Amino acid sequence: MKIIVFVKQVPDSAASVAVEDGKVTWGDAPLVINPWDEYAVEAALALTEAHGGDVVAISMGSEDAKEALKHSLAMGCAEAILINDPAFAGADSAAAARILAAAAQKVGDADLVIFGKQAIDSDTGVSAAMTARVLGWPAITLVAAIDALDADAKTIQAQRAMEEGRQVVSSKLPAVLSIVKDYGEPRYPSFMGIRKASKAEIPMWSAADLGITAPEAVVSWPEIMSPPAREIANEIIEGGSPEEIAATLADKIMAEKVL
Amino acid sequence: MDFKLTEEHKMAQQMVRDFCAKEVIPTIADWDRKQEMDPAILPRMAELGIMGINLPVKYGGQGFDYITLGLVCEELEYADTTLRVVMSVHMGLCAMSILQWGTEEQKMRFLPKLASGEHYGSFGLTEPGAGSDVAGMASTAVKDGDDYILNGEKMWISLATKAHVCLIVARTDSTADKPTSGLTAFVVELDSEGITTGDLHGKLGVRAGSTGWIAMNDVRVPASHRLGEEGEGFKIAMGSLDNGRYTVGAGATGLIRASMDASVKYAHERETFGKPIGSYQLIKQKIGRMRRDYEMARLLCLRAGWMKNEGLRNTRETSQAKWFATDASFDAANEAVQVHGAYGFSDEYPVERFLRNSKGAVIYEGTSEIHTLMQADYELGYRKDKPLRCELPAFNAEEWQAEK
Ligand SMILES: Cc1cc2nc3c(=O)[nH]c(=O)nc-3n(C[C@H](O)[C@H](O)[C@H](O)COP(=O)(O)OP(=O)(O)OC[C@H]3O[C@@H](n4cnc5c(N)ncnc54)[C@H](O)[C@@H]3O)c2cc1C
Ligand SMILES: Cc1cc2nc3c(=O)[nH]c(=O)nc-3n(C[C@H](O)[C@H](O)[C@H](O)COP(=O)(O)OP(=O)(O)OC[C@H]3O[C@@H](n4cnc5c(N)ncnc54)[C@H](O)[C@@H]3O)c2cc1C
């Protein structure tokens, strides 16, 4: 089996976003591997442990993204590749999906492409579905468990986490998955993996290496601004009984013209 | 001069930090209250490779350097002192002594099991009647054919009831002209006949760990388990302490950071007289000092770790690091309790545990008084380190990380 996982380097979950000179900035927040992607790496590694094969971790981003790749290598991925080209700056989700799909095709022979549920910086959560569309492969998103995988027959059966419960889906391979937290805790990097990762030379692929020209972004950001700070006042309504509290609350809501 | 940690250092540090945040910190207060060690801790540390972090791969270790050992200890003690104590006795005092003084055959016999954590190591020097005065010990070892017969009692031994092996020092020659030259070190398997062990309760700190006693009644130990020569026991014990003290100092550095982080968080949350207490100069002074001491302790420990990596004798520098860091961690924890006011006096917050835990480290591995005397004696020229027959091997990445 060959599995590709896409990982992203993002600002730490404690970071706060701001707008400076019309650009989004996370300040000097520490960068980490997107926490959702760790679940994707875990799923990929668990599948190759059960069915044989290797995991290739790929990230698109600046040189900083090498850290997310090294983290993936330290967890046990066999190979890591950085997609980096100045022409890719400003790629939106659709452009990114084209680039990632081109990378998956260049790696070749992948049985599965796995994503985390979403990236915690942009929070769009569409990469898995869009990349699947470009590749023309089935997408099984929000996977909470993988029930069966037949590497010879090239089939997979997985459970999708839905609000109402679980939806069992089966599909042919190759396919694209996105993984949610219910899948199970990602492993820590091993010390052996850390030694390997710290010595690893990570190849960089440019647009030319992928044999594509930078895809046009379809979404544009004409202006970026911080929303005006909202004035919030808290008030705790007290009263002798729930009915009394509810009546006071209703009066206040009417008075404030909320309804 | 280069102050940068390598990528390997940073990743190992992060890994242990994550482990502590996810698996230790959420439940440690309960175990501390119960005065029991979480039974999952030692097996988990073994499984993750922490127990063999800085032993060469050919002995089953992870092949990292001594600086990583220090960083790991800092992270472990940030969560709880008891986890760092494990590394002090298992790695610093037991496994590293075998690495330093053992024959190749002894290293191959003992280290792989210690490195994998299949066996836990401990260190038996202190006795009911002798702590600082090591040479005043009463335990004896008498040669009998190819064996030694050990008798005596060791007290205040960390992991006494959990460890599989213990580096025990006993007197082989009561007629030696100097009491220090009649001691010999042995790697004793704690399931040997004649050994009984028990835990001590009612301790001020390290309550989520094991501290106990080991009694030896005619324990037969093969001569092949003798570490070093007969009469070398005192030197071996002091050499072990150079390594144990390093882990203690590095751990204390983590305790300062834990005290500081808790204090900063609380100083933002708590308001008196209409302002967060962090805005008052007297609170700022406490937090400013914690940061200063953290940096100083950390730099002293990193220097000691670097000297170990280089194969330089570091008894003096390690003593400085251990002495300063442990005294400073006691101060930091004490001030952290103060910053928390009455809440610091309760186990609802972690700082009272930090204070209780910090007290042990100014007692074990050389009391602060002993380190004061050592440093003065170096300064006055009364004390000089003579080369040892076996020095701790310098770190050599290629050799240490070579697969078998
Ligand atoms: C939690 C914990 C874990 C421990 N784990 C281990 C272990 O795993 N293995 C092990 O072998 N031991 C262990 N010990 C024992 C520890 O090493 C001893 O407690 C320490 O060496 C001090 O010895 P003592 O307690 O006998 O104190 P003493 O030596 O009796 O000292 C009492 C006081 O007198 C002072 N003092 C002594 N001599 C002098 C002097 N010459 N000048 C000035 N002041 C002096 C000391 O500083 C101290 O304040 C542990 C102790 C604790 C608390
Ligand atoms: C064992 C125990 C028994 C007690 N018994 C009683 C009792 O019987 N009756 C009772 O009423 N209370 C009692 N108390 C409460 C005690 O009086 C308070 O804990 C004490 O007044 C401190 O208040 P606090 O804990 O709210 O700390 P805080 O007032 O929140 O102070 C937190 C920290 O900020 C510092 N700080 C606060 N303001 C300033 C400032 N302006 N400048 C500089 N530093 C500042 C404090 O010195 C402290 O270090 C008891 C407390 C304990 C621990």
Side-chain angles (χ1 to χ4, degrees), chain A residues 7 9-16 28-39 41-42 45-46 49 57 59 63-78 80 82 120 181-202 234, chain B residues 4-24 26 44-65 67-69 71-72 75-76 87 91 115-117 261 264-265 268 395-404:
Chain A
V7 298
Q9 181 82 342
V10 297
D12 181 68
S13 57
S16 57
D28 52 5
L31 300 175
V32 296
I33 181 170
N34 175 36
W36 297 109
D37 296 345
E38 289 188 74
Y39 294 90
V41 175
E42 176 60 40
L45 291 172
E49 275 160 8
S59 184
E63 293 255 354
D64 289 338
K66 280 190 177 170
E67 261 178 62
L69 290 171
K70 293 208 165 178
H71 188 92
S72 311
L73 286 172
M75 284 176 76
C77 294
L82 178 67
I120 63 166
K181 213 171 170 176
D182 309 25
Y183 182 84
E185 276 297 301
R187 66 195 65 191
Y188 305 111
S190 72
F191 289 117
M192 239 230 292
I194 289 173
R195 282 202 273 112
K196 201 185 97 181
S198 69
K199 290 190 188 76
E201 289 291 333
I202 295 180
N234 291 319
Chain B
K4 270 207 310 284
L5 294 179
T6 64
E7 209 158 288
E8 244 175 55
H9 291 144
K10 285 191 274 189
M11 289 176 90
Q13 183 182 47
Q14 188 62 46
M15 185 276 223
V16 177
R17 187 174 294 176
D18 288 346
F19 157 65
C20 289
K22 280 192 199 160
E23 299 184 37
V24 182
R44 200 65 185 120
M45 285 173 71
E47 187 181 18
L48 294 174
I50 298 174
M51 303 294 263
I53 182 73
N54 60 304
L55 293 174
V57 171
K58 74 167 165 179
Y59 302 127
Q62 306 293 338
F64 281 63
D65 67 356
I67 288 183
T68 313
L69 170 65
L71 297 172
V72 165
E75 294 309 322
L76 293 175
M87 292 309 281
M91 176 58 73
S116 67
D261 286 356
V264 167
K265 183 162 181 277
H268 285 311
F395 173 70
N396 173 331
E398 210 165 300
E399 195 185 309
W400 284 43
Q401 301 183 352
E403 306 291 330
K404 272 175 268 188

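Just so it is clear: chains get the letters A, B, ... in the order the sequence lines come, proteins before strands, and each one is counted from 1. It should be emphasised that the depicted structure is a prediction, and the values quoted were computed from it without experimental measurement.
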Mind checking the CE-CG spacing from B:M15 to B:L71? Nearest 0.5 Å is all I need. 13.5 Å
Please classify the contact of B:F19 with chain A as side chain, backbone, both or neither, using a heavy-atom distance under 4.5 Å. both
With sequence neighbours left out, what residues match A:P35 under side chain to side chain contact (heavy atoms under 4.5 Å, CB included)? A:V10, A:I120
Which atoms form the tightest heavy-atom contact between A:C77 and A:L45, and what is the distance? N-CD2, 3.8 Å
Which bit of B:I50 comes within less than 4.5 Å of chain A, counting heavy atoms only: side chain, backbone, both or neither? both
Closest contact, heavy atoms only, A:I202 versus A:A80: CG2-O, 3.8 Å
Between A:A46 and A:Y183, which heavy-atom pair has the shortest distance, and what is it? CB-OH, 3.6 Å
Can you pull out the donor-acceptor contacts between chain A and chain B, under 3.5 Å, including backbone atoms?
unit_1 : atom_1 : unit_2 : atom_2 : d
A:K70  : NZ     : B:E7   : OE2    : 2.7
A:E185 : OE1    : B:K22  : NZ     : 3.4
A:Y188 : OH     : B:E23  : OE2    : 2.5
A:R195 : NE     : B:Q62  : O      : 2.6
A:R195 : NH2    : B:Q62  : O      : 3.3
A:S198 : OG     : B:E8   : OE2    : 3.1
A:K199 : NZ     : B:Q401 : OE1    : 2.7

Return the minimal non-hydrogen interatomic distance between B:C20 and B:P26, and the atom names on each side. O-CD, 4.1 Å
Search all heavy atoms of A:I194 against all heavy atoms of A:P189 and return the closest pair with its distance. CG1-CB, 4.0 Å
